[in-house]
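Heads up: the structure comes next, in structure tokens.
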Amino acid sequence: MPMRAMTGSEIRSAFLDYFQAEGHRVVASSSLVPTADPSLLFTNAGMVQFKDVFTGKEQRPYSRAVTAQKCVRAGGKHNDLENVGRTARHHTFFEMLGNFSFGDYFKERAIDHAWTFLTGRLGLPAERLWVTIHEGDAALGVGPDEEAERLWLRYVQKERIVPCSTKDNFWQMGDTGPCGPCSEIVYDQGPRMGCGRPTCAVGCDCDRYLELWNLVFMQFERSLEGVLTPLPKPSIDTGAGLERLAAVLQGGRSNFDTDLFRPIIGVVEEQCGARYGASVQAAVSMRVIADHARATAFLVTDGVLPSNEGRGYVLRRIMRRALRHGRMLGLEEPFLAAVTGRVAELMQEAYPELQEARDHVARVAQGEEERFGHTLKVGLRLVDSLLEAQKGAGSRTVPGAEIFKLYDTYGFPLDLLRDIAGDQGFALDEAGFEQAMEEQRAKARESWVGSGEVEIPASLKALADRLRVEACWHHSLTEEAKIAAILAGEGRQPAELLRQGETGELVLDRTPFYPEAGGQVSDGGRITTRDGAQAEVMAVHRPTPNLVLHRVRVKRGSLRADATVTAEVEAGRRKATAKNHTATHLLHAALRQVLGDHVKQAGSLVAPDRLRFDFSHWSPLAPQEIDRIERLVNEQIWENRRVGTEEKALDDAVKGGAMALFGEKYGERVRVVTVDGFSQELCEGTHVQATGEIGLFKIVSQGGVAAGVRRVEAVTGPGAYLYVKQEEQVLAEAAARIKARPLELAEKVERLTESSRDLERENQRLKARLAGGVLEELLAGSRDVNGVRVAAGRVDSLDAKGMRELGDRARARLGSGVVVLVAQAEGRVLWLTMVTTDLAGKVHAGRLARELAAVTGGGGGGRPDMAEAGGKDPSRIPEALERLPELVNRQLSS
RNA sequence: GGGGGGUUAGCUCAGUUGGGAGAGCGCCGCGUUCGCAACGCGGAGGUCGAGGGUUCGAAUCCCUUACCCUCCA
């Protein structure tokens with residue numbers, strides 16, 4: 001027996017070492033963001049990165065592998081988020097240890113290895129281990145897994161081999177594909193950890209019987225009809241949770257009592273000044289924070305940012321839950337970054353990327369804490385006024401609809417609302433809330449149409465399986481090729497012939513056309529036959545690796561399947577695109593040099609006329625930063641650095657420092673594009689041979705795309721020249737208009753604005769004086785209508801604002817009366833009517849305005865004391881004014 | 001993918017039947033003070049996210065769109 005329990009780190013190494021010694025390739029953990037699998041939110045098991053290997057779609061140069069895989073389980077089908085912290089075993093982030101056989105060894109070796117490792121290397125007492133096997137399933141047409149039972153009997157007594165149902169012990173990847181029975185190794189932690197019920201046994205959901213390791217025996221292929229046929233070369237997929245192993249070996253009651261978690265909890269203890277375990281509630285909060293901080297650190301490191309949809313939303317929920325528990329511990333100031341920092345320190349040996357991304361993670365954490373703080377602040381205000389209103393209405397219950405609105409629209413945490421309302425003696429209508437919630441869920445489900453994956457039509461799938469296209473785009477622009485297939489019509493059905501004027505898609509056996517990929521747009525060009533037929537290539541794409549589709553329009557003649565054609569790429573477009581693509585790599589490297597290593601590509605467009613680059617970065621770029629980036633890129637162009645490409649193994653490429661991007665799918669062999677001494681990136685695109693060809697690089701714009709993502713657009717070569725030229729012209733023209741030299745432009749504009757402002761003021765003064773005169777005139781011309789003073793006048797020199805000011809002054813001077821102003825401006829009529837308050841109820845300004853405007857061919861209205869109206873016929877203004885006394889009089893006498 | 005809410009001065013935000021674009025803080029100037037803070041007076045600063053429509057008239061109503069917040073999937 002070892003004197004000291006193994007640490008989590010030691011268990012991980014022991015596992016990898018053990019299987020490496022047994023002929024397994026140690027494969028690095030894949031990103032938490034699954035590559036090329038839109039159906040999966042996060043990597044949630046060790047086998048995810050080997051999916052295509054199991055189905056045979058992908059080949060690897062090894063047939064046995066071992067991994068320690070980072071996993072996240074949150075959101076999606078099994079949503080355990082609410083359980084984390086309350087139980088001993090639930091986590092959002094955990095590490096899965098797994099060994100894999102791809103058609104190599106099967107059940108016997110898998111069982112031997114698992115047993116030997118647990119009892120031998122880890123020293124777990126054999127008498128505490130139980131195993132489960134699949135009991136068989138008539139519906140599936142599968143009998144009990146007697147083979148596994150026989151093999152287990154070599155190590156365990158029959159009493160400790162428990163048959164289990166399909167629900168627990170039969171694994172399948174999806175509705176179709178590889179599947180098979182599983183066998184689990186269970187550890188008996190003893191009665192002190194159990195529920196004490198007489199029925200307690202393996203499978204009980206208490207903590208006594210702990211599932212340590214799941215062995216999946218992939219031995220069948222499931223067809224669409226649900227029929228299982230044996231696989232010729234069955235495979236093995238296993239998974240053991242590192243946290244559980246550590247808990248068992250270190251003798252703790254929970255996964256949180258291991259060295260994987262205690263140091264993280266320690267940081268939380270320091271932050272809030274309370275001891276872990278002092279109170280049950282506080283302990284839950286500390287566990288939640290520790291767990292969620294791990295998930296946050298790993299997810300952000302793998303390129304996920306908190307947002308309001310998809311993966312980012314799950315991350316945000318995890319982070320906010322941690323923050324909420326922080327507040328429950330009395331932590332009001334940002335604390336999460338300190339905790340994620342500790343996670344990075346603790347795990348850096350196994351996951352060096354954590355340390356590299358540490359500052360980035362801290363910034364993201366801090367940003368989210370600020371945003372959450374804001375959400376709470378706004379929410380608290382709303383809660384206050386809501387409770388106030390309820391009190392006013394004499395109610396002591398908060399309606400479900402209001403709770404829902406707070407939660408749904410403003411993101412206010414329900415439990416916090418419960419606390420606040422409770423303190424003030426309010427009850428919550430939680431049933432009403434649940435109902436509203438259920439309605440929203442139902443609505444969302446209804447509209448759900450499936451994941452964003454584009455379905456490939458069956459006809460294309462069949463074609464792809466049959467064909468293997470030869471890609472020539474990296475070494476030539478013109479190729480002799482044969483038309484392997486033609487697709488035409490709405491359903492993209494195979495066709496024999498494509499006639500003049502028709503559009504369709506061509507499959508060639510070899511092609512020089514670059515298909516749209518990695519942000520680079522596809523080539524254009526033409527396809528011709530010897531007998532003079534000609535088609536224009538409009539777009540090229542590649543739905544599967546074996547299938548390149550050329551979208552064409554036939555200009556002349558017709559194209560026939562099996563015909564021999566000449567495929568010719570438009571060289572100018574290709575060249576311009578290549579300049580922009582290489583420039584994109586230079587820009588990416590320059591951004592990282594100037595802004596820091598947290599800059600990661602988040603999206604990219606490479607077109608012939610421009611390039612667009614999205615990347616993770618927190619603040620807008622300062623003008624000086626843009627200058628430095630632009631200059632750095634241009635310096636590389638002036639240096640005329642060589643651009644080389646090279647094929648190598650993915651591992652070697654990454655070790656050599658090449659930039660690999662998340663969200664991209666890479667095979668075992670990758671293409672590395674190197675700009676000597678400056679940049680190295682995995683890339684399939686087309687590039688220039690030396691940076692000098694780019695000519696000139698100019699950033700055209702920069703802006704934000706989403707929180708934490710910035711976008712830069714730039715042009716190169718002739719495009720950049722044109723851009724600069726245009727700016728020069730605009731400048732020259734502007735300068736010419738104000739008779740200045742371009743260099744003096746700023747100064748001269750400054751002087752002009754100043755003088756224009758002076759003139760403006762002078763104008764105001766004159767207008768005011770003029771209005772004074774007009775005012776006197778207006779008052780002098782006022783007349784009595786049935787005991788009411790009516791002042792009316794035409795003021796064409798004033799605009800609407802001036803009229804209102806004049807009207808106000810006239811009304812004040814009048815004390816009691818009616819003011820009517822009318823002006824003609826740009827062929828239209830503008831009316832303003834005002835009535836002093838003492839006449840309210842006698843004369844209505846709105847009605848008066850409407851009636852006056854009607855005469856001049858318009859309409860209008862307003863408040864009883866002030867109204868505006870318009871019209872279209874200025875020639876009738878005098879007529880309208882003449883009718884004014886009559887109109888006023890009619891209102892007075894009605 | 002589907003809901004809810006938002007976008008108004010440098011910042012935080014008001015702005016109800018559609019009819020004067022505002023407050024607080026900040027900034028500049030003047031006053032008060034030995035000086036500072038505070039205070040008083042004055043001032044600069046607004047494509048009311050963008051585009052279309054309805055109307056005599058739109059920050060306000062309708063449609064489209066961008067972005068942000070938020071919930072659900």
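Naming: A, B, ... by sequence-line order, numbering from 1 per chain.
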Given the side-chain rings of A/Phe93 and A/Phe298, with only the six-membered ring counted for Trp, is the space between their centroids under 6.0 Å?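 Under 6.0 Å, so yes.
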
So what does [X] hit on the nucleic acid, given a heavy-atom distance under 4.0 Å: a base, only sugar-phosphate, or nothing?
| X | answer |
| --- | --- |
| A/Thr375 | sugar-phosphate |
| A/Gly871 | nothing |
| A/Gly870 | base |
| A/Ala869 | base |

Searching all strands shown, indicate the nucleotide that pairs with [N] (Watson-Crick or G-U wobble; both distances under 3.5 Å).
| N | value |
| --- | --- |
| B/C67 | B/G6 |
| B/A21 | none |
| B/U47 | none |
| B/C39 | B/G31 |

Just the rounded figure in Å: distance from [atom2] of [N] to [atom1] of [X].
| X | N | atom1 | atom2 | value |
| --- | --- | --- | --- | --- |
| A/Arg320 | B/C71 | CZ | C1' | 11 Å |
| A/Arg324 | B/C71 | CZ | P | 14 Å |
| A/Phe404 | B/G5 | CZ | P | 11 Å |
| A/Arg850 | B/U55 | CZ | C1' | 14 Å |

Establish, with yes or no, whether the OP1 or OP2 oxygen of [N] is under 4.0 angstrom from a side-chain nitrogen or oxygen of [X].
| X | N | answer |
| --- | --- | --- |
| A/Arg381 | B/C13 | yes |
| A/Arg371 | B/C68 | no |
| A/Tyr313 | B/C71 | yes |

Side chain of A/Asp808 - closest among B/G5, B/G3, B/G20: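 Nearest to the side chain of A/Asp808 among the choices is B/G20.
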
Nearest listed nucleotide, side chain of A/Thr409, among B/C13, B/C72, B/G4: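 Ranking B/C13, B/C72, B/G4 by closest atom to the A/Thr409 side chain puts B/G4 first.
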
Using atom P in both nucleotides, what's the gap between B/C67 and B/A59 to the nearest angstrom?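 It comes out at 25 Å once rounded to the nearest Å.
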
Taking the C1' atom in each of B/G53 and B/G6, what is the distance between them to the nearest angstrom?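 Taking atom C1' in both B/G53 and B/G6, they lie 23 Å apart.
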
Does A/Glu333 CD have over 12 foreign heavy atoms under 6.0 Å away?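 No, the 6.0 Å shell around CD holds no more than 12 heavy atoms from other groups.
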
Is it the case that the side chains of A/Asp873 and A/Thr856 hold a donor-acceptor pair, with the cut-off being a distance below 3.5 Å and no angle test?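 Judged by distance alone, the side chains do not pair up.
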
Can you classify the ring geometry of A/Phe404 versus A/Phe433 as parallel (below 30°), tilted (30 to 60°) or perpendicular (above 60°)?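 Answer is tilted, since the angle falls between 30° and 60°.
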
B/G20 base / A/Glu868 side chain donor-acceptor hit below 3.5 Å: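 When only heavy-atom distances are counted, A/Glu868 does not reach the base of B/G20 through any donor-acceptor pair under 3.5 Å.
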
For B/G3, does the base pair up with any side-chain atom of A/Asp408 as donor and acceptor (N or O, under 3.5 Å, distance only)?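 Answer yes: a donor N or O sits under 3.5 Å from an acceptor.
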
Option among A/Glu777, A/Arg789, A/Arg813 that satisfies the side chain to side chain donor-acceptor pair (under 3.5 Å) test with A/Ser782: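 Of the listed options, the one satisfying the test is A/Arg789.
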
